[in-house]
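Note that the structure is predicted; figures quoted are calculated from it, not measured.
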Amino acid sequence: MRNNNIIYIALAILAITLFPACSGTRNCSKPELNLPKSLAGNSTDTITLADVEWWKVYTDSALIHIIDETLAFNKDFQIAAAKIEELQQLYGLTASNYFPEISARLYGNNETNDYYGKKEVRDPEYGLKATMSWEIDLWGQLKWARRKGKANFEASVEDYRALRVSLIAEAASAYFSLIALDNELAIVKRTLFTRSENLKKAKLRFEGGLTPETVYQQAIVECATTEALIPGLEKQIAIQKNALMLLMGRYPEQEIARGKLILEQSIPDSIPVGIPSTLLKRRPDIRKSEAQLQAALANVGVVYADRFPRFSINLTGGLENDELHNFFQSPFTYILGNIAGSVFDFGRNRKKHKAAVAQYDQAKLAYEKTVLVAFHEVDNAVTSFAQAKATSKRRQELREAAMKYAQLAYAQYNMGAINYIDVLDAQRRYFDAQIGVSNATRDEFLALTNLYKALGGGW
């Protein structure tokens with residue numbers, strides 16, 4: 001009866017200890033890695049770019065494949081996923097601290113005592129014991145530790161999301177830069193073909209005595225100048241392609257399927273970016289900083305609770321006998337309560353608490369700075385996109401005018417109205433205008449990508 005009473009008392013204390021941790025709004029189940037659903041469909045004042053999934057923003061099928069492969073095989077992304085798994089398990093570990101720890105021990109020994117002048121004595125002992133021990137969370141140390149673990153886990157999830165948005169933006173930026181270089185190389189090759197044809201005509205006219213040698217040499221210079229651009233562009237393409245393949249987790253020898261830069265592709269003149277307050281809910285870096293702030297606050301609670309004594313209970317029961325005969329009829333139990341704490345620590349715990357408070361102040365200031373930077377980044381991204389859109393439009397107008405200028409100049413040269421140097425000047429302007437449109441279109445897509453990233457991406 002006495003042993004049963006001890007067990008009942010131990011179970012009652014265990015129930016009292018566990019009840020606060022699992023009551024109210026708390027959840028004692030194992031945390032699961034559930035990333036938030038897309039914000040699309042949430043009730044907001046306006047439709048925002050971040051509410052649109054990335055595959056709806058980037059409609060190029062080759063780019064969609066590149067982004068999919070980047071998210072599947074990028075090493076940094078895989079490391080971040082493993083980090084989430086680590087912190088998820090550590091969070092589950094802090095939750096399990098509410099429960100007792102049960103251990104078992106099976107042993108047997110045979111001690112022989114042979115003292116001088118006395119008969120040899122054998123002292124065997126056999127035992128099977130189980131120990132259940134747990135700490136009663138009187139001051140909330142376990143509760144704050146669990147909150148800290150949860151906050152650290154949530155910060156790792158937000159870090160994972162931030163990396164996801166960043167990888168999508170980096171892959172898109174690298175892709176747009178690559179196809180812009182492809183487009184520029186195509187322009188150079190077309191221009192080289194045209195100037196090669198002009199060189200042939202200039203040679204025939206010079207040999208026929210229709211034009212001076214100066215015109216022929218000018219044609220040679222223009223053709224050679226254009227041809228000299230090709231190796232540099234091919235080098236840039238190779239470097240940009242390798243950078244993109246690194247993001248995708250590929251080796252350099254492999255090829256990348258890609259589309260073309262559509263210079264006349266229509267991008268909306270304005271992108272609705274939503275109300276600024278939604279940034280606090282959307283940007284992963286802000287949410288990560290908020291989680292780190294919560295972790296710092298929980299750490300203050302942990303350090304403060306460490307200033308008080310800890311109360312733990314140990315319950316041991318089992319079987320113990322000097323011989324195996326009637327071993328299972330030899331019960332053995334005892335219960336032990338333990339209160340441990342510092343009597344004089346010469347201010348160590350107090351200083352640790354002040355240090356934890358200072359860390360919390362740092363986390364709070366870091367959170368405020370993150371919010372401030374986020375609003376500035378969005379404002380800059382919106383401005384950059386608007387300016388890139390306007391620049392692209394002006395560049396297209398310039399290209400149309402330069403093309404007409406080159407056509408008129410060549411026609412007037414054939415009629416003898418102007419010199420060949422004027423034709424070359426018109427052709428240079430048209431060539432520069434074509435490159436300008438290509439770069440402006442690239443910059444427009446890069447600005448859209450940067451805006452997408454600044455708004456926190458789409459989940």
Side-chain angles (χ1 to χ4, degrees), residues 25-27 31-54 57 71 74 76-92 94-95 144-170 273-301 359-382 449-459:
T25 59
R26 299 180 184 178
N27 182 8
E32 296 181 356
L33 178 56
N34 293 321
L35 301 182
K37 297 179 180 179
S38 172
L39 294 177
N42 284 5
S43 178
T44 55
D45 291 352
T46 60
I47 298 176
T48 71
L49 181 61
D51 292 331
V52 181
E53 293 85 350
W54 56 264
V57 176
L71 296 180
N74 182 268
D76 291 332
F77 203 49
Q78 293 174 346
I79 292 173
K83 183 67 175 179
I84 288 180
E85 178 64 23
E86 174 192 355
L87 293 178
Q88 182 183 14
Q89 298 303 323
L90 292 177
Y91 174 39
T94 59
W144 286 111
R146 189 184 182 203
R147 290 183 180 179
K148 179 181 177 181
K150 179 183 178 182
N152 286 331
F153 167 65
E154 292 176 345
S156 70
V157 173
E158 297 303 332
D159 200 28
Y160 176 86
R161 291 177 179 142
L163 181 59
R164 180 180 185 272
V165 173
S166 179
L167 284 175
I168 291 173
E170 286 182 30
V273 297
I275 55 177
S277 61
T278 57
L279 284 177
L280 301 178
K281 300 178 181 179
R282 183 184 304 120
R283 287 214 12 163
D285 57 339
I286 295 179
R287 294 162 63 113
K288 174 187 175 182
S289 184
E290 182 181 2
Q292 290 175 334
L293 178 62
Q294 296 297 327
L297 177 61
N299 187 55
V300 173
Q359 290 175 351
Y360 169 76
D361 292 337
Q362 295 174 45
K364 182 177 67 173
L365 293 172
Y367 172 74
E368 293 174 354
K369 179 182 177 181
T370 302
V371 173
L372 184 63
V373 170
F375 280 102
H376 280 280
E377 287 181 353
V378 171
D379 187 67
N380 291 339
V382 171
T449 303
N450 188 47
L451 177 59
Y452 175 82
K453 180 181 178 182
L455 290 173
W459 299 330

Notebook entry, point to check: Do the side chains of Ile79 and Lys83 get nearer than 4.5 Å, heavy atoms only?
Noted result: no

Next item on the list: Look up atom CD in Glu154 and atom CZ in Arg287, then write down how far apart they are to the nearest 0.5 Å.
Entry: 9.0 Å

Checklist line | Which atom of Ala296 lies closest to which atom of Tyr360, heavy atoms considered | finding: CB-CA, 3.8 Å

Notebook entry, point to check: Atom CG of Asn380 and atom CG of Leu451: how far apart are they, to the nearest 0.5 Å?
Noted result: 11.0 Å

Checklist line | Main-chain N/O of Asp285 paired with Ser289 side-chain donor or acceptor, under 3.5 Å | finding: no

Note to self: Return the CG to OG distance between Leu163 and Ser166, rounded to the nearest 0.5 Å.
What the structure shows: 6.0 Å

Note to self: Strictly distance-based, threshold 3.5 Å: is any side-chain N or O of Asp159 a donor or acceptor partner for the main-chain N or O of Ala155?
What the structure shows: no

Check: How many angstroms lie between CZ in Phe153 and CD1 in Ile84, if you round to the nearest 0.5 Å?
Finding: 7.0 Å

Note to self: To the closest 0.5 Å, what do you measure between CD (Glu158) and CZ (Arg283)?
What the structure shows: 12.0 Å

Note to self: What I want to check is whether the side chains of Gln294 and Glu290 have a donor and an acceptor closer together than 3.5 Å.
What the structure shows: no

Note to self: Please find the pair of heavy atoms, one from Ala454 and one from Ala381, that lie closest to each other, and give the distance.
What the structure shows: CB-CB, 3.9 Å

Check: Measuring from Lys148:NZ to Leu297:CG, what's the distance to the nearest 0.5 Å?
Finding: 11.5 Å

Item checked: Nearest heavy-atom neighbours spanning Ala295 and Asn152 -> CB-OD1, 3.4 Å

Check: Are Leu71 and Phe77 side-chain neighbours, meaning at least one heavy-atom pair lies under 4.5 Å?
Finding: yes

Notebook entry, point to check: Ignoring hydrogens and geometry, is there a side-chain-to-backbone donor-acceptor pair from Asp379 to Phe375 under 3.5 Å?
Noted result: no

Notebook entry, point to check: Taking it one step at a time, do Ile286 and Tyr367 satisfy side chain to side chain contact (heavy atoms under 4.5 Å, CB included)?
Noted result: CA-CA 7 Å; Ile286 295 179; Tyr367 172 74; 3.9 Å; yes

